[in-house]
Amino acid sequence: MDGNAKRLLTAQEVAAHNSRESCWIVVHGNVYDVTEFLDEHPGGSKIILKYAGKDATQEYDPIHPPDAITTNLKPDKHLGPIDPSTVQDSASDGLLSEDEQARLARIAARPRLSEILSLHDFEAVARQVMPEKAWAYYSSAADDEITQRENHAAFHRIWFRPRILRDVTKVDWSTTILGHKSSMPVYITATALGKLGHPDGELNLTRAATRHGIIQMIPTLASCSFDEIVDAAEPGQVLFFQLYVNKDRSITKRIVQHSEARGIKGLFITVDAPQLGRREKDMRQKFEADDPSEVSKAKQGNVDRTQGAARAISSFIDPSLNWADLEWFRSITKMPLILKGVQCWEDALEAYDRGLNGVVLSNHGGRQLDFARSGIEVLVEVAAKLKKKRGVTLPIDTFQVFVDGGVRRATDVIKAVALGATAVGIGRPFLYAYSSYGAEGIDKALQILHDEFEMNMRLLGSRTIREIVPDMVDTSNIHMHTVPVPIDNLYEGNYEKLVGAHLREV
Ligand code: 173
């Protein structure tokens, strides 16, 4: 709060400032002069001007945390509270609904960051404090969400065989990914619409990646522009790029070559999403808000905004993408090419035979084909078949195998590394960390992972990543999907049950 006492403003006064020349808006009962901010708004001026002279709270909420406006606008632009008695119909004007008041109260009641102990904790907080639409978009997965839960559960079917009496005074969990240093065998994987959770969106991740020496994969459908993200990186900071292939290949060519020119060190071509899966939690939200992002540039033709955020903006993705196209990618870029979304050993070996630089064994966080197996399960068969049929023992530098999906602990990462993965992608947990606590949240999430690595490497008896070997894990049950495992309370407590259709209010 700034020191000056502010007088109450009337709705009529606010309504007079309804143009580009003088633009006031109301958010959460306070009036702001956003005239000078219009062109700085990351989501563009158009969306603000739609609410010039009016209450913008309902539009604002799904895509910004409550303090975004107060931190981004200089104090002299905070004009003061609106006089509620001058607002004709506060319900229809969207002044602080009961739900919103309750959410603000929950934000105020967040645990202190020092009380956050695991990545699960961020999810528990995010679920309660994120705007409903943002939570629905991030947390949702395909159909019955069986694969999403299996991604996590599959790690429970792998058990450790620790080694003892090794001098583990010093342990080092740093590694290299596609030849680039990483402080741990983890990278930040691509997730769309980063600003739904926080106004800085993906930049939270870019900055944290610098601070913690890890690599971020920039998504095609980031809320921030590609160049904004690259500009936010430190000189020399290694970034990868996730690519959705556009039906218009000239657009794809431009994007790929631009990313190479900007120094991107690996192109991860998404191959598990010829069509976006049905994410019913998200679809029930009817994503009608103007999207906050660069994403709009990727849209084509009539956009159906009734099917959730992702489906609304995914029509440009080319379902005709096939193996033959990969030669074209080779002809337009020298970047390492990695297929993201490989789900069986046959396709992994095909990628190997065709000279790709790697694969991500992934089912897109359970958001695509429900009942696809987890990446960690597929890793077990890929490693075995590479050995048997090609005489290759993972990990190798020329064909790196990555896994993502369901990772919540360093032990999950260590299991993947033991089985031959170079590194593991983490997506949702980092979104939840910054959506609930901003930049400090993501710092804390990475610190937790570092702490978990240190302890678990000691307890496992491996001093370096190379010393985490297949003999240290028992995967004999990995393919048995019915093996009972103890209930994982932290995970299950956060998991939001799918619900069926609601009756309309009549
Ligand atoms: O998983 C997703 O939500 C995703 O990848 C996506 C794809 C297209 C548009 C928005 C998100």
Side-chain angles (χ1 to χ4, degrees), residues 43 62-63 130 133-143 145 147-148 151 188-197 201-202 205 216-226 240-248 251-252 255 267-319 321 338-343 360 362-370 372 375 404-407 425-432 435:
I63 48 182
M130 281 178 77
K133 280 184 183 170
W135 167 257
Y137 173 67
Y138 287 172
S139 67
S140 61
D143 294 1
E145 305 191 338
T147 286
Q148 181 189 30
N151 280 348
I188 301 172
T189 196
T191 48
L193 299 183
K195 279 190 191 167
L196 284 178
E202 296 79 11
L205 303 172
Q216 177 189 17
M217 187 192 299
I218 303 176
T220 294
L221 294 171
S223 295
C224 300
S225 76
F226 173 84
F240 298 149
F241 182 57
Q242 171 268 336
L243 182 72
Y244 273 123
V245 180
N246 199 301
K247 287 175 188 150
D248 180 343
I251 296 179
T252 292
I255 293 176
L267 186 66
F268 288 68
I269 304 172
T270 295
V271 293
D272 59 11
Q275 174 179 349
L276 258 263
R278 288 168 54 88
R279 295 97 186 242
E280 294 179 10
K281 276 176 192 157
D282 186 35
M283 290 166 80
R284 280 190 214 286
Q285 293 290 325
K286 302 228 190 326
F287 190 67
E288 277 141 5
D290 284 30
D291 75 70
S293 65
E294 285 292 304
V295 164
S296 47
K297 292 185 189 155
K299 290 189 294 216
Q300 278 193 347
N302 290 337
V303 168
D304 178 0
R305 289 189 173 280
T306 65
Q307 298 228 340
R311 288 197 142 212
I313 55 176
S314 63
S315 56
F316 74 96
I317 299 172
D318 189 356
L321 186 68
I338 298 95
L339 300 186
K340 177 173 176 289
V342 170
Q343 297 167 73
V360 185
S362 164
N363 52 42
H364 209 117
R367 293 160 79 83
Q368 289 299 104
L369 180 64
D370 206 10
D404 69 30
V407 174
I426 297 186
R428 286 192 188 89
F430 293 148
L431 296 179
Y432 295 143
S435 298

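Just follow the structure's listing: the first ligand is 1, and inside any ligand the first atom is 1.
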request  = Look up atom CG in D404 and atom CD1 in I188, then write down how far apart they are to the nearest 0.5 Å.
outcome  =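 Output value for this atom pair is 13.5 Å.
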
Provide the number and element of each atom of ligand 1 under 4.0 Å from a heavy atom of [X].
| X | answer |
| --- | --- |
| R367 | 1 (O), 2 (C), 3 (O) |
| R279 | 1 (O), 2 (C), 3 (O) |
| S314 | 8 (C), 9 (C) |
| L221 | 7 (C), 8 (C), 9 (C), 10 (C) |
| Y244 | 4 (C), 5 (O), 6 (C), 7 (C) |

query = Closer than 4.0 angstrom: is that true for some heavy atom of Q368 and an atom of ligand 1?
reply =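 Judged by the 4.0 Å heavy-atom criterion, Q368 does not count as contacting ligand 1.
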
task = Go through the structure and list residues passing side-chain contact (heavy atoms from CB on, under 4.5 Å) with I255, not counting sequence neighbours.
result =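 side-chain contact (heavy atoms from CB on, under 4.5 Å) list for I255, sorted by chain: F241, L243, I251.
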
query = Who passes ring-ring contact (aromatic ring centres under 6.0 Å, His included) against F430, sequence neighbours left out?
reply =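 None.
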
query = Do E280 and S140 have side-chain atoms, one donor and one acceptor, less than 3.5 Å apart?
reply =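 No, S140 and E280 have no side-chain donor paired with an acceptor closer than 3.5 Å.
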
key: Donor-acceptor side-chain pairing of N246 and T252 below 3.5 angstrom   =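 No, because no side-chain N or O of N246 sits under 3.5 Å from a partner of the opposite role on T252.
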
ask   = ligand 1 versus T191, non-hydrogen atoms closer than 4.0 Å: side chain, backbone, both, neither?
value =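 Looking at T191 and ligand 1, no heavy atom falls under 4.0 Å.
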
query = Within 45° of the ring axis of Y137 and under 6.0 Å from its six-membered ring centre, is that where the NZ or CZ of R367 lies?
reply =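 Output yes; distance and angle both within limits.
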
